[in-house]
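Reviewing the structure listed below.
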Amino acid sequence: MSAANTTTPLAGKTVGISISHLTKQFNNVTVLHDVSFDVHPGEIFCLMGPSGSGKTVLLKHIVGLETPTSGSVRIGEYDAADPETRAKVHLAFVFQAGALFNSLSVYDNLALYPREHRLGSEVSIRERVMYALQILSLEKAAGKMPSELSGGMKKRVAIARALVMEPQLFLYDEPTAELDPVMGATISEIIGTLREHTAVTSLVVTHDRSLALSIADRVAIIMDGRIRAVGVPDDFKHTTDPAIANFLNPVVDIKNPRFKQLENANE
Amino acid sequence: MKQLTALCENFGSAICMLARSARHINTLPRQFPRFIEQCYLIGYTTLPIVTILSFFIGSVLALQSGYSMQNFGAKQFIGTLVGLSMCRELGPVMVAILVTGRAGSAITAELASMNVYQEIDALMTMNIPPERILVLPRLAAVLVMMPVLAIIANLCGWYGGAIVCQYTAFISVDTQSYFAALKRYMEFNDILDGLLKAEIFGFVIVTICCYIGLSVKGGPREIGASVTRAIVVSLIFILVLDYFVTKALL
Ligand SMILES: Nc1ncnc2c1ncn2[C@@H]1O[C@H](COP(=O)(O)OP(=O)(O)OP(=O)(O)O)[C@@H](O)[C@H]1O
Ligand SMILES: [Mg+2]
């Protein structure tokens with residue numbers, strides 16, 4: 001599929017991730033407690049969990065932006081914390097906030113990676129970029145600057161930018177959080193299609209229960225920095241763990257005593 | 001003691017950043033557009049203020065020396081004094097200070113905001129070293145632009161002095177004898193020394209400003225703080241280095 005991979009030892013191979021006994025502390029506050037799980041090569045793995053449970057921090061360990069306090073994260077046979085690993089495994093990370101290059105236009109944001117790694121002529125790069133923009137219905141935004149985009153558009157540009165990279169390992173941090181349901185469905189189609197046609201392993205962090213349970217091969221639930229459960233989606237449809245059940249199917253209770261003060265606010 | 005270790009640590013990290021930039025020096029030809037952009041930002045945008053200020057520094061130098069030298073009847077040496085002080089000292093130092101204020105602050109602000117808004121993280125995950133596309137073109141640009149700016153500052157300062165000498169009643173040295181005096185005691189080496197100084201200052205400024213911008217941690221408030229820090233550190237380095245470089249070159 002791409003000339004990009006010819007230079008790497010893992011060219012065209014799917015890679016897995018193996019996380020073992022990962023613990024991370026920030027200023028003596030433990031954010032991840034002894035996290036262990038594997039993502040098998042070629043699968044779509046969804047990581048779900050409440051806000052603040054440590055999902056983004058976990059992803060950052062996989063892309064090498066954080067280093068473990070103890071334990072290890074390996075991508076294929078390489079240590080994720082080693083900067084050299086990113087030269088050996090092509091990975092694309094869709095940041096939760098997009099992390100677009102604000103001084104570059106949308107087009108240049110997408111073209112930066114292929115240009116810097118010299119993956120073909122300007123014409124072929126153009127083709128590749130326009131194709132990715134088209135998939136995410138962003139053709140009209142190609143010339144715009146990131147500051148001129150809406151939140152959801154930024155997220156789509158970030159996903160398009162990752163698509164252009166043609167990675168072996170695709171990491172999404174909340175890909176559908178700011179998107180409308182149609183775009184959300186498009187994202188699930190993209191993730192599914194990529195798995196069908198390329199040697200890609202996907203790790204999707206999401207709050208979106210239906211996305212996770214529909215596309216994932218396996219799902220893990222993380223709560224308070226601990227892995228609570230790992231299994232196939234069907235395991236979670238009739239879970240007996242009350243915390244997980246409440247997370248997946250929250251009960252709305254407007255008589256909840258926690259909100260007593262709000263009720264009385266207008267009196 | 002703690003500050004001393006922090007200082008050494010920063011110094012070492014800055015050297016590492018330079019080393020990593022140097023490793024990508026072979027990519028410079030294909031980064032030509034970026035290099036030109038930086039030349040524009042560092043050189044061209046600093047040019048107006050450099051011309052104006054050096055003109056007035058030259059003028060006031062002539063004025064002051066004219067005032068103090070008239071008592072010794074040494075007015076014919078004003079050209080020499082202005083010429084040498086401009087090209088050996090004031091030209092390079094002033095250009096360095098202006099580049100710090102104008103371009104250095106912009107460099108730190110840009111890199112710091114890229115850092116705070118995770119753009120640097122994004123570059124790392126894309127396996128594009130930030131040193132390659134952010135530091136290297138700026139270093140190359142400053143090395144090209146500093147001598148140019150210094151030469152322009154020298155010329156403006158010399159002419160500023162010449163005009164003052166000609167039209168100030170109590171000095172009234174005409175332009176021809178002013179420039180004759182300027183040339184007589186100046187050697188080509190004096191100019192070269194000045195340009196070398198400018199080159200060293202430029203290199204140090206961009207290194208400091210890039211390093212501080214790239215090592216920012218925290219939120220948007222840190223962007224402003226880092227710009228202040230970059231300017232203060234650069235100015236200290238310029239003035240302290242100035243002494244040692246001058247001493248070494250004399
Ligand atoms: N750089 C950091 N320094 C200190 N604490 C941090 C840092 N990054 C994250 N944390 C803490 O780690 C915890 C987990 O954060 P994380 O961003 O991983 O949550 P998350 O699961 O991604 O939540 P969300 O779904 O809201 O994005 C939070 O309590 C957060 O305060
Ligand atoms: Mg998060």
Under 3.5 Å, which donor-acceptor pairs do the side chains of residues 91-100 of chain A form with other protein atoms, sequence neighbours left out?
from  : atom 1 : to    : atom 2 : distance (Å)
A:Q96 : OE1    : A:T56 : OG1    : 3.0

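No more than 12 heavy-atom neighbours from other residues, nucleotides or ligands sit within 6.0 angstrom of OH on B:Y44. For B:Q3, the CD atom sits in a loose shell: 12 or fewer heavy atoms of surrounding residues, nucleotides or ligands are nearer than 6.0 Å. Counting non-hydrogen atoms of neighbouring residues, nucleotides and ligands closer than 6.0 angstrom, the CZ atom of B:F35 exceeds 12 such neighbours. A:F101 CZ: more than 12 foreign heavy atoms inside a 6.0 Å radius.
Proximity to chain B is limited to the side chain of A:R118, based on heavy atoms less than 4.5 angstrom apart.
Contact annotation for residues 117-142 of chain B against chain A (heavy-atom separation below 4.5 Å, listed by residue number): B:Y117, B:Q118, B:E119, B:D121, B:A122, B:L123, B:M124, B:T125, B:M126, B:N127, B:I128, B:R132, B:I133.
Salt bridge status for B:R34 with A:E116: present, with a side-chain N to carboxylate O gap under 4.0 Å.
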